[in-house]
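Since the structure comes first, as structure tokens, the remarks are kept for the end.
Whatever order the structure lists ligands and atoms in, that order sets their numbers, starting from 1.
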Amino acid sequence: MSGANCSVVSEFVFLGLSNSWEIQLLLFCFSCIFYVSSMMGNLLIVVTVTFEPYLQSPMYFLLANLSTIDLIFCSIAAPKMIWDLFRKQKIISFWGCIAQVFFSHAVGGTEMVLLIAMAFDRYVAICKPLHYLTIMSPRVCILILAVAWTIGPTHSLAQLAFVVNLPFCGPNVLDSFYCDLPRLIKLACTDTYKLGFMVTANSGFISLGAFFLLLLSYVFILATLQKHSSGGSPKALSTLSAHIIVVVFFFGPLIFFYMWPSPSTHVDKFLAIFDAVLTPFLNPVIYTLRNREMKMAMRRMFCQLMQFRKNH
Ligand SMILES: *[C@@H]1O[C@H](CO)[C@@H](O)[C@H](O)[C@H]1NC(C)=O
């Protein structure tokens with residue numbers, strides 16, 4: 001395919017979401033609000049867990065790490081999308097596009113492993129409470145993080161290794177607002193059927209597998225809770241339901257993207273916004289609104305801050 005008539009694509013053009021001015025304005029407000037709230041909410045969690053001595057437990061460490069990942073995740077596509085909304089030509093360079101794909105898969109994969117680790121953490125806390133602190137020791141937490149940050153980028157590199165060498169010479173228009181793998185490989189001027197299958201297998205089946213693993217583990221934990229229901233279970237139930245909501249919101253759009261045979265463009269694109277700005281926003285909302293300790297810690301921190309300002 002490396003013929004001399006193959007002019008190499010050096011940039012891609014996004015079609016964006018809509019041409020209607022009103023819808024664009026609406027999207028602009030929606031995205032800005034959720035992007036800023038995501039950043040602030042997740043930052044607040046990281047700061048609270050870092051500075052609150054009461055929250056020094058594996059569960060909160062993992063939560064703060066999840067927030068760190070969300071901070072990165074929502075900065076991959078959303079800022080450029082917001083910046084592009086009112087521009088006629090929405091252009092991204094070839095390597096910019098590759099970078100978007102790389103980071104979204106690397107960070108997404110890392111988040112997936114972390115969500116599984118958080119389910120494991122809840123399993124140990126609820127089903128083996130006496131061994132919690134020995135099993136979830138600081139060393140194990142760091143090991144979990146190291147594994148997560150290895151698997152994510154490795155998964156991403158493994159996919160991109162095939163994509164960067166594809167011949168891109170024909171159309172360069174992506175009907176989207178950011179670079180995603182399924183749409184990108186359709187632009188290559190070669191038969192990408194096998195590659196498309198590989199992407200579905202790599203991202204789709206992994207998401208689906210992780211999702212069912214998580215759901216199963218939550219069902220198992222719930223069953224255990226049911227068996228020994230005691231005074232402590234309402235709190236455990238509320239934490240668990242928070243986890244389950246986050247897991248459904250994280251995996252729902254992903255599985256739809258990669259497993260749906262032929263994406264109907266509109267649902268697809270609006271779900272993509274959902275994934276890009278809404279899911280990272282939901283984590284802090286769900287975890288903080290449903291967690292009394294977290295709310296109390298934030299209140300305490302806020303009061304201390306006010307005190308500090310009065311005294312200085
Ligand atoms: C992430 O987890 C590690 C290991 O438990 C912990 O030391 C670190 O403080 C966490 N990161 C944040 C931002 O809280």
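Phe30 CZ: more than 12 foreign heavy atoms inside a 6.0 Å radius. More than 12 heavy atoms of other residues, nucleotides or ligands sit less than 6.0 Å from atom OH of Tyr218. Within 6.0 Å of NZ in Lys128 there are 12 or fewer heavy atoms belonging to other residues, nucleotides or ligands. Counting heavy atoms of neighbouring residues, nucleotides and ligands inside a 6.0 Å radius, atom CZ of Phe162 does not exceed 12 of them.
The cationic group of Arg300 lies under 6.0 Å from the six-membered ring centre of Tyr54 and within 45° of the ring axis, placing it in a cation-pi geometry.
Contact annotation: the side chain of His105 never approaches that of Asn202 to less than 4.5 Å [non-hydrogen atoms, C-beta and beyond].
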Identify the protein atoms, limited to N or O, that lie within less than 3.5 Å of an N or O atom of ligand 1, and list each pair with its distance to 0.1 Å.
from, atom 1, to, atom 2, distance (Å)
ligand 1, 2 (O), Asn65, ND2, 2.2
ligand 1, 11 (N), Asn65, OD1, 3.4
ligand 1, 11 (N), Asn65, ND2, 3.2

